[in-house]
Each structure stands twice: as structure tokens, then as C-alpha cells.
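Only one structure is covered here, and it is reproduced in the block below.
In what follows, residues are counted from 1 in the order of the sequence shown.
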Amino acid sequence: MASTNNQAVLDWVDEQIALMQPEKVVWIDGSKAQQEQLREEACHTGELHKLNQEKLPGCYLHRSDPNDVARVESRTFICCDKQENAGPTNNWMHPDEMYPKLRKLFNGSMKDKALYVIPYSMGVVGSPFAKYGFELTDSIYVVLSMAIMTRVGQEVLDALGDSPDFIKGIHSNKDINPDERYIVQFPEDNTIMSINSGYGGNVLQGKKCFSLRIASHLGKQEGWLAEHMLILGVQNPKGEVRYIAAAFPSACGKTNLAMIIPPAGYQKDGWKAWCVGDDIAWIRTGEDGRFWAANPEYGFFGVAPGTNVESNPNALATTHKDTIFINVALNLQDDTVWWEKLDKKPPENALDWLGNPWNGDCATTKGAHPNSRFTSPITNCPCVSPEFENPQGVPLSAIVFGGRRAKTAPLVYQSRDWNHGVFVGSIMASETTAASTGKVGVVRRDPMAMLPFCGYHMADYWQHWLDTGKATENRPKIFNVNWFRTDENGEFIWPGFGENLRVLEWILRRAFDDVDAQVSPIGYLPNTKDINIEGIDLTEEQLSGLLNIDKDLWKEEVENIREFYADFNGKVPAELWAQLEQLEHNLNS
Ligand code: GTP
Ligand code: SPV
Ligand code: MN
């Protein structure tokens with residue numbers, strides 16, 4: 001069992017024990033033996049189901065409660081002293097009100113249960129940019145998932161030493177009561193408390209709670225950025241690897257792009273792609289003035305449905321060992337897993353994600369929940385970047401924003417300069433997905449894909465972006481993409497997935513001033529001849545359609561952005577208002 005002499009840690013853990021009153025306390029040491037013992041225990045209680053160990057070695061299935069299958073934004077809070085510091089996009093409650101409310105819920109919540117103390121690190125343990133935290137939980141599923149998603153155990157305690165600088169997190173499944181579910185961040189106290197949920201995004205605190213909500217607040221104070229971004233290295237035929245970071249809202253293609261496989265013709269010419277991260281980037285300005293991005297996580301918590309040998313073979317390969325699946329279907333024939341679009345042969349003798357008998361008839365009921373996921377170590381990924389463990393991260397040549405838009409946004413465009421790029425990020429909008437509870441397919445503004453994850457006032461966050469870029473000439477160029485434009489039948493026009501490399505090629509050429517572009521009201525657009533469509537089922541006419549700007553739709557967009565900005569109580573930076581006026585002017589002239 002792990003141990004520490006850190007008095008600040010010991011005192012804090014003691015306080016939590018007194019509050020939650022567990023039957024026993026187990027310190028997670030990160031050893032294989034301890035993990036194995038916990039897996040056995042979880043299989044015994046039914047919290048985990050052991051899958052076919054020949055076909056899926058080290059793989060398990062977990063089902064969360066049917067009322068608890070996605071992030072719940074309505075029950076996620078930023079609690080700081082002044083409401084104006086949380087801003088209009090976050091739920092807020094004063095800490096003096098929230099702490100007593102939560103303490104009441106946590107009071108005795110672990111009676112007859114074990115409390116697991118998970119010391120974890122976001123970032124390479126011992127590196128200057130790593131940040132350490134603790135999650136105290138009563139869920140073995142959380143322990144085992146955190147051990148995949150982050151670096152855990154004794155090495156973290158050793159690196160922390162006697163420093164009082166750590167994130168304090170507690171979690172209890174309690175009764176999974178949705179009416180008393182809370183996911184609460186206290187950025188001013190570096191504290192996280194989540195209760196009455198057992199779904200990954202709400203309770204694997206290293207991910208959204210710490211690495212985005214708490215870390216974005218830390219980044220504002222310390223001068224860096226915590227972003228909801230994948231990090232990808234693209235290697236060209238000359239052998240040069242250039243890095244991009246891309247922010248898309250939940251379930252809009254980050255994991256897929258992060259593991260992209262270049263189209264056959266590109267591979268023949270020597271193109272390769274390397275995954276550094278699929279969800280979170282911590283970005284700092286280096287001494288050379290470039291933006292350096294590191295992935296603080298150690299695993300993927302990826303959307304299962306739609307993942308298959310054609311769409312994302314790297315993700316599929318990643319899930320073939322040491323993976324915890326949640327809310328997918330169980331094939332009783334051979335004790336393996338199945339989800340929609342894995343292949344065209346749903347199992348006939350199966351249990352659906354609810355654990356009910358299911359005969360593979362997808363028309364009646366779904367086998368897997370649309371937000372079912374796999375939890376796998378990044379080191380399983382065939383295209384993991386050799387730079388993944390580089391504590392300095394990788395230098396960015398481009399930042400890419402994007403969303404799911406059936407119309408309006410073109411396939412790709414480039415911002416005119418840094419401030420315009422920040423504007424493009426601030427006006428991001430996307431159709432909602434199953435990653436969060438609520439209506440699916442409604443267009444909502446999701447600035448920088450951070451709407452549910454920014455731990456402070458969104459307008460201050462935009463100011464921080466403006467300032468961070470202003471401080472250096474070597475900042476990356478900013479682009480926007482949209483893989484999701486549809487035709488009159490509602491079908492996606494752009495083939496997407498691996499073919500997205502064709503767009504990345506243009507982005508990187510622009511980043512290195514290697515190709516011309518057309519000036520348009522919204523920014524620089526590619527000349528159609530500069531997007532390579534050789535070998536794909538897309539006509540030049542369709543391509544120019546994908547790059548077309550519908551001025552009327554964009555004028556509606558301007559009105560909508562004006563209303564959106566007006567919600568920020570006069571705090572939207574003047575630079576961004578000026579960009580909006582420029583856009584309107586460009587559309588009218
Ligand atoms: P989170 O884990 O929720 O942050 O999601 P994500 O942004 O990593 O999204 P992910 O890559 O898991 O993709 C979500 C869905 O988008 C899946 O159903 C994919 O099949 C689909 N998708 C991803 N890339 C593309 C693309 O290029 N074109 C189309 N049409 N669909 C895509
Ligand atoms: C997202 O929703 O952006 C995810 C999944 O990456 S969760 O961890 O649930 O937030
Ligand atoms: Mn995500």
C-alpha cells in the first residue's frame with residue numbers, strides 16, 4: 001500500500017475519513033498486484049464483468065446506471081466567491097452555501113464501504129509542468145479507470161514530497177440519485193467534489209474537472225492555457241513533423257482526428273500521423289515564443305459507437321487489451337463487446353447496454369448507448385507519438401477550431417490574424433451530441449469547445465487568449481474546419497475521417513506560407529485547386545460548394561453572435577466586438 005509523510009495530505013485525508021466514515025481506507029500504490037486484486041473484487045460484486053481474456057486480454061465491461069450515462073451540465077457548478085468570476089455560462093453557488101450542502105450529502109456516504117485514496121498526476125510525473133491531485137472515491141470502477149487515464153500511485157506521492165500544492169478531490173457514488181447529483185469545482189480552493197454519479201465524465205476527476213475546469217483557472221493565473229483539444233503530429237514526405245492542436249466540442253471528432261490514418265495515396269508518398277493526445281492540451285509559451293502543447297492524460301475515454309476498422313482502425317486496435325468498456329453491448333456467444341457500426345453483424349445472443357437480453361435487432365433497441373465509451377491506455381495506440389512523454393510537449397504550427405454545422409461553416413478557412421482567430425474560436429457553434437444529457441442536434445454556441453469546461457468567466461478567458469497571443473510573434477496560425485456539412489438529403493458531403501488529412505495538408509501549407517488563398521468576408525479560403533481531391537468520391541463542384549459562403553446565413557449568424565456577446569454583461573473584449581463589426585462590414589460590402 002502507498003504511503004506518505006506529507007502532513008497536509010494526511011490531515012486532509014483524515015478530515016475526509018471523518019466526513020464519509022468508510023469501513024476501511026485503501027491507498028492506491030499503482031502496482032499491478034493491487035489493481036488485479038481490485039479487478040477481482042469488482043468482478044465478484046458485479047461492478048465489472050470480465051470479458052474473453054483470449055480475445056480481449058485485460059478487458060472488462062462496466063455498466064453505469066441508466067439514469068447516469070453522460071455529463072450533466074445542469075448539475076455542474078463553479079463555486080467561487082463572486083458570481084461574476086464564474087460568468088454567465090457556468091452554474092454558480094457561493095462556497096458558503098455549497099460546502100454545507102455537499103458535506104451533508106457526503107456525511108456517512110461511505111459507511112460499510114472502502115475509501116480508495118488515489119494519488120494521481122496530470123502530466124509526466126516529476127516534470128516541471130506536472131500537477132498532482134488526489135481523488136478519494138468509493139468506486140473501484142473509478143480507481144481502475146483513473147489508473148488508465150492518469151499516472152497513479154506511490155511515484156506521485158514521492159514526486160509531491162511534502163508540498164501542500166495538490167488538488168483535493170472527493171467522489172462518492174452514494175445512491176446515484178439524479179436529483180442530488182453534483183459535480184462541483186471550487187477553483188479558489190483547488191477542490192473538486194462529485195456525488196451521486198458513477199459516469200466517467202462526471203467522476204474521473206483528472207479529466208474535465210481538474211485538467212480543464214480547475215486547470216483553466218490555474219492557467220489564467222500562471223499564464224498558460226488549458227484547452228479541450230487533441231494534439232496531432234503530421235509527418236510530411238520530407239520527414240518533417242508539424243503539430244496541430246484542435247478543439248471540437250464533445251463527440252465532434254477529436255479522438256478520430258487524433259488517430260488519423262493518412263489516405264493510401266498519401267501513405268505511399270510518405271505521410272504519417274502521430275497521436276499526442278485526443279481530448280486535452282495544456283499549452284505554454286516556450287522561451288522560443290512558440291506555443292508548446294502537452295497532453296496531461298495517460299489514456300483515452302473515447303466514444304465507442306461508430307468506431308470500426310474503416311473509420312478508426314487505430315482506436316479499435318487500442319481497445320483490444322487492458323480496456324474498460326462502459327455501456328456497450330455484451331456478446332454472450334464469446335464474451336466480447338459490440339456497438340453500433342462496429343460491423344454489420346450485431347450479435348444475436350447478447351445483452352444490450354442495460355444488461356437486458358438483446359437479439360441484435362438495432363431497429364427496435366440500440367445495443368450500445370450512443371455515449372458508450374472505451375477507456376484505454378494511450379500506449380496501446382499504434383500511432384502514439386514518440387513525443388507523447390516529452391514533458392515540454394510539442395511546438396504548435398496551427399490551432400484548429402471546428403464544430404458540427406449542417407450549413408454555414410465551410411470545410412476550412414483561416415483567420416486573418418491572432419485576434420481574428422480568437423474571435424473565430426469565440427463564435428464556435430455546434431449541434432449538440434449525446435456526450436451530455438439534454439437535447440441532441442440543437443445548434444448552440446460553444447466557444448473554443450470550452451462551454452462546459454471553462455472554470456471562470458468566459459469573457460475573461462477570451463481576454464486571456466488575446467493576451468497570450470499578443471505576447472509572442474511565434475504563435476500558431478488559427479483555422480476553422482467543419483467536416484459535417486450536409487446535402488439536401490441530410491448526408492455528409494465531405495468523406496471525413498482519414499480524408500481529413502487533405503485539409504490538414506492545406507492548413508500546414510498555409511502555416512508555413514507555402515500556398516496562396518482567397519480573401520473572403522470570413523477569412524482566407526482555399527483555392528479549390530489547392531485541396532487535393534484525387535482518389536475520393538467528390539467532384540470539384542461539390543468541393544466549391546463545401547467552401548461556399550452563404551452571405552445571408554452569415555448575416556443571421558452575425559445577429560446571433562451579437563445576442564450571444566450581449567449575454568456577457570459588457571465584459572466581451574473590445575477586440576472581439578471590433579471583429580464582429582468587421583465581419584458584418586465584410587458581408588455587406
Ligand atoms: P469526446 O470524447 O466526447 O470529446 O468526443 P470527440 O470529439 O473525441 O469525438 P469522436 O472522435 O469520438 O467522434 C464522435 C463522433 O463523430 C463519432 O460518431 C464519429 O464517427 C464521428 N466523426 C468523427 N470524425 C468524423 C468525420 O471526419 N466525419 C464524420 N462524418 N463523422 C466523424
Ligand atoms: C467529452 O464529453 O468531451 C468527453 C467525455 O471527452 S467526458 O469525459 O464524459 O467529458
Ligand atoms: Mn472531450
Side-chain angles (χ1 to χ4, degrees), residues 64-78 87-92 176-183 194 196-203 208 212-213 228 247-256 279 301-306 326-328 339-341 352-354 362-373 401-409 426-454 458 482-486 489-492 553 556-557 559-561 563-568:
S64 64
D65 191 283
N67 81 32
D68 185 34
V69 292
R71 284 183 294 102
V72 251
E73 294 175 11
S74 63
R75 309 211 56 96
T76 301
F77 286 75
I78 299 296
T89 55
N90 282 312
N91 299 311
W92 174 86
I176 315 288
N177 174 356
D179 300 327
E180 290 192 328
R181 182 165 300 155
Y182 286 95
I183 296 90
S194 47
N196 277 312
S197 172
Y199 165 73
N202 295 329
V203 300
K208 298 305 166 51
L212 290 179
R213 298 195 189 99
H228 191 195
F248 310 152
S250 303
C252 289
K254 286 183 300 304
T255 301
N256 276 272
D279 198 50
F301 186 57
V303 178
I326 63 164
N327 299 334
V328 296
W339 51 75
E340 275 60 23
K341 297 206 185 137
D352 67 9
W353 67 274
L354 292 157
C362 300
T364 331
T365 31
K366 282 205 147 72
H369 186 275
N371 193 39
S372 56
R373 293 191 177 243
F401 294 121
R404 228 175 239 276
R405 294 301 293 272
K407 302 273 173 292
T408 323
S426 79
I427 66 167
M428 264 173 67
S430 192
E431 292 150 22
T432 50
T433 65
S436 172
T437 54
K439 243 183 153 169
V440 168
V442 192
V443 174
R444 73 166 183 181
R445 298 270 153 214
D446 188 348
M448 281 85 169
M450 283 289 278
L451 184 73
F453 309 120
C454 184
M458 184 65 80
N482 177 22
W483 316 136
F484 299 94
R485 263 211 196 179
T486 51
N489 303 320
E491 303 283 341
F492 296 124
L553 279 181
E556 280 175 37
E557 195 79 352
E559 285 318 310
N560 192 286
I561 297 163
E563 281 169 33
F564 177 63
Y565 275 5
D567 289 340
F568 291 87

Heavy atoms only: give me the nearest [X]-[Y] pair and the separation to one decimal.
{"X": "Cys454", "Y": "Asn90", "result": "O-ND2, 2.9 Å"}
{"X": "Ser197", "Y": "Val203", "result": "O-CG1, 3.1 Å"}
{"X": "Val328", "Y": "Ala304", "result": "CG1-CB, 4.0 Å"}
{"X": "Ala435", "Y": "Ala70", "result": "O-CB, 3.5 Å"}
{"X": "Val440", "Y": "Ala434", "result": "CG2-N, 3.9 Å"}
{"X": "Ile176", "Y": "Asp65", "result": "CG2-CB, 3.6 Å"}

Test your reading of the model: is there a side-chain donor-acceptor pair from [X] to the backbone of [Y], 3.5 Å cut-off?
{"X": "Glu340", "Y": "Pro370", "answer": "no"}
{"X": "Arg445", "Y": "Asn560", "answer": "no"}
{"X": "Asn482", "Y": "Arg405", "answer": "yes"}
{"X": "Asp352", "Y": "Leu354", "answer": "yes"}
{"X": "Arg404", "Y": "Thr432", "answer": "no"}
{"X": "Glu431", "Y": "Ala406", "answer": "yes"}

message: Applying side-chain contact (heavy atoms from CB on, under 4.5 Å) to Ile183 and Val72, what does each step give before you reach the verdict?
response: CA-CA 8 Å; Ile183 296 90; Val72 251; 3.9 Å; yes

Starting at [atom1] of [X], measure out to [atom2] of [Y] and round the result to the nearest 0.5 Å.
{"X": "Arg444", "Y": "Phe564", "atom1": "CZ", "atom2": "CZ", "answer": "10.0 Å"}
{"X": "Thr89", "Y": "Asp446", "atom1": "OG1", "atom2": "CG", "answer": "10.0 Å"}
{"X": "Asn202", "Y": "Glu73", "atom1": "CG", "atom2": "CD", "answer": "10.0 Å"}
{"X": "Lys208", "Y": "Ser194", "atom1": "NZ", "atom2": "OG", "answer": "14.0 Å"}
{"X": "Asn91", "Y": "Arg75", "atom1": "CG", "atom2": "CZ", "answer": "9.0 Å"}
{"X": "Leu212", "Y": "His228", "atom1": "CG", "atom2": "NE2", "answer": "6.5 Å"}

Without hydrogens or angle criteria, can the side chains of [X] and [Y] be said to hold a donor-acceptor pair below 3.5 Å?
{"X": "Asn67", "Y": "Arg181", "answer": "yes"}
{"X": "Asn371", "Y": "Arg71", "answer": "no"}
{"X": "Ser64", "Y": "Asn327", "answer": "yes"}

query: Ion pair present between Lys407 and Glu556, side-chain N to carboxylate O less than 4.0 angstrom?
result: no

query: With a distance cut-off below 6.0 Å to the six-membered ring centre and an angular limit of 45° from the axis, does Arg213 pair with Phe453 as a cation-pi contact?
result: no

message: Applying side-chain contact (heavy atoms from CB on, under 4.5 Å) to Phe248 and Ser430, what does each step give before you reach the verdict?
response: CA-CA 9 Å; Phe248 310 152; Ser430 192; over 6 Å; no

query: Taking the inter-plane angle between the rings of Phe301 and Tyr199 on a 0 to 90° scale, is it parallel (under 30°), tilted (30 to 60°) or perpendicular (over 60°)?
result: tilted

- prompt: So Phe484 and Phe492, would you call those rings parallel, tilted or perpendicular, with 30° and 60° as cut-offs?
  reply: perpendicular

- prompt: Would a 4.5 Å heavy-atom cut-off, applied to side chains only, mark Thr433 and Pro249 as touching?
  reply: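 They are not in contact (no side-chain heavy atoms under 4.5 Å apart), so the answer is no.
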
